[in-house]
Amino acid sequence: MNLKSNIKIYENALQASIEVAQHITSIIQKNESVGKPTVLGLATGNTPLLVYQELVRLYHEKQVSFQKVITFNLDEYYPMAPHHPQSYVAFMKKHLFDHIDIDWKNVHIPNGELITDDIPLFCKAYEDKIVAAGGLDFQLLGIGRTGHIGFNEPESSLESLTRLVDLNPITREDAIADFNGLNNVPKQAISMGVQTIYKAKEIMLLAFSEKKSDIIQKAIQEEVNPQVPASYLQKHPNITYILDNESASKLKKQLS
Ligand code: GLP
């Protein structure tokens with residue numbers, strides 16, 4: 001099939017994730033060689049799990065160090081206490097941060113415990129910290145069934161920045177198993193905006209399994225459309241779509 005060169009299709013999620021982890025490692029090493037820190041935008045969900053597993057493995061093999069890495073997570077549920085097992089703080093510790101040599105002061109995750117009035121200032125400060133760190137060198141992304149990136153649900157604008165958002169009913173439904181029932185799934189989240197993500201120097205959007213095939217086809221091949229926020233990324237100068245055979249199964253033949 002003829003597809004754009006920035007669409008990479010792998011036999012399975014493991015092969016894809018190993019390559020993504022190696023790529024992240026090479027960015028860190030390259031920056032390190034010129035004395036620069038690396039600023040990573042990180043994602044949660046099932047999709048990046050094998051990337052984190054491989055990064056931990058590479059760390060244990062002493063192929064990479066995270067001492068000079070600064071991270072910004074895409075989002076956090078609101079309200080959400082960091083010690084709650086479903087918080088994205090708990091997720092990131094469990095799958096990555098507890099197993100590598102990152103300095104906790106270099107880790108940034110939206111604070112799900114703020115009082116509502118304090119959220120706008122927090123969000124502005126989050127944006128400012130990304131800029132002060134030199135901008136995101138690399139953003140790792142999954143995609144929700146609604147086409148969301150981070151928690152930028154349908155109708156998010158390209159100009160959106162970090163803010164409090166309402167979760168789409170489909171997104172909440174997808175989280176039922178994690179929270180033991182719909183009533184326990186938070187209704188809101190604090191998420192980086194589309195623009196925050198778009199300003200990253202490089203983006204890799206990962207999608208695995210058949211259940212992502214419809215939204216991947218829309219996000220990559222249909223007109224840019226606020227109903228599918230991930231479609232904004234089609235215009236990004238340095239985005240790669242990392243797919244497995246199943247998530248790529250509905251892509252149509254396309255001239256590069
Ligand atoms: C959550 C996260 C997104 C993620 C999406 C997909 O909604 N906020 O960043 O991309 O889930 O989840 P999964 O990778 O489990 O399919």
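It should be emphasised that the depicted structure is a prediction, and the values quoted were computed from it without experimental measurement. Atoms within a ligand are numbered from 1 in the order they appear, just like the ligands themselves.
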* Would you sort out whether Lys212 and Glu246 count as a salt bridge (charged side-chain N to carboxylate O under 4.0 Å, His left out), showing the intermediate values? => CA-CA 8 Å; Lys212 298 288 169 75; Glu246 285 76 27; over 6 Å; no

In terms of residue, atom name and distance, what is the protein heavy atom nearest to [atom]?
{"atom": "atom 4 (C) of ligand 1", "result": "Thr44 O, 3.9 Å"}
{"atom": "atom 15 (O) of ligand 1", "result": "Asn46 N, 2.8 Å"}
{"atom": "atom 6 (C) of ligand 1", "result": "Ile143 O, 3.6 Å"}

* Between the candidates Asp178, Asp75, Thr47, Asp174, which shows the shortest non-hydrogen contact distance to atom 14 (O) of ligand 1? -> Thr47

* Asked: Evaluating non-hydrogen atoms only, which member of Gly150, Gly142, Ser209, Pro48 is closest to atom 10 (O) of ligand 1?
  -> Gly142

Under a 3.5 Å cutoff, is there a donor and acceptor pairing between the side chains of [X] and [Y]?
{"X": "Arg163", "Y": "Thr196", "value": "no"}
{"X": "Thr171", "Y": "Asp174", "value": "no"}
{"X": "His23", "Y": "Glu202", "value": "yes"}
{"X": "Gln217", "Y": "Gln221", "value": "yes"}

* Identify, by atom number and element, the atoms of ligand 1 in contact range of Gly45, meaning under 4.0 Å from any of its heavy atoms. => 14 (O), 15 (O)

* To do: Determine, using heavy atoms of His148 and all atoms of ligand 1, whether some pair is separated by less than 4.0 Å.
  => yes

* Does some non-hydrogen atom of Lys212 fall short of 4.0 Å from ligand 1? -> yes

* Asked: Does ligand 1 have a heavy atom under 4.0 Å from the side chain of Tyr88, from its backbone, from both, or from neither?
  -> side chain

* To do: Fit a plane to each ring of Phe91 and Tyr88, take the angle between them on a 0 to 90° scale, and name the class: parallel (under 30°), tilted (30 to 60°) or perpendicular (over 60°).
  => perpendicular

* Could you check Asp166 against Lys187 for salt bridge (charged side-chain N to carboxylate O under 4.0 Å, His left out), going step by step and ending with a plain yes or no? => CA-CA 6 Å; Asp166 293 332; Lys187 294 192 173 67; over 6 Å; no

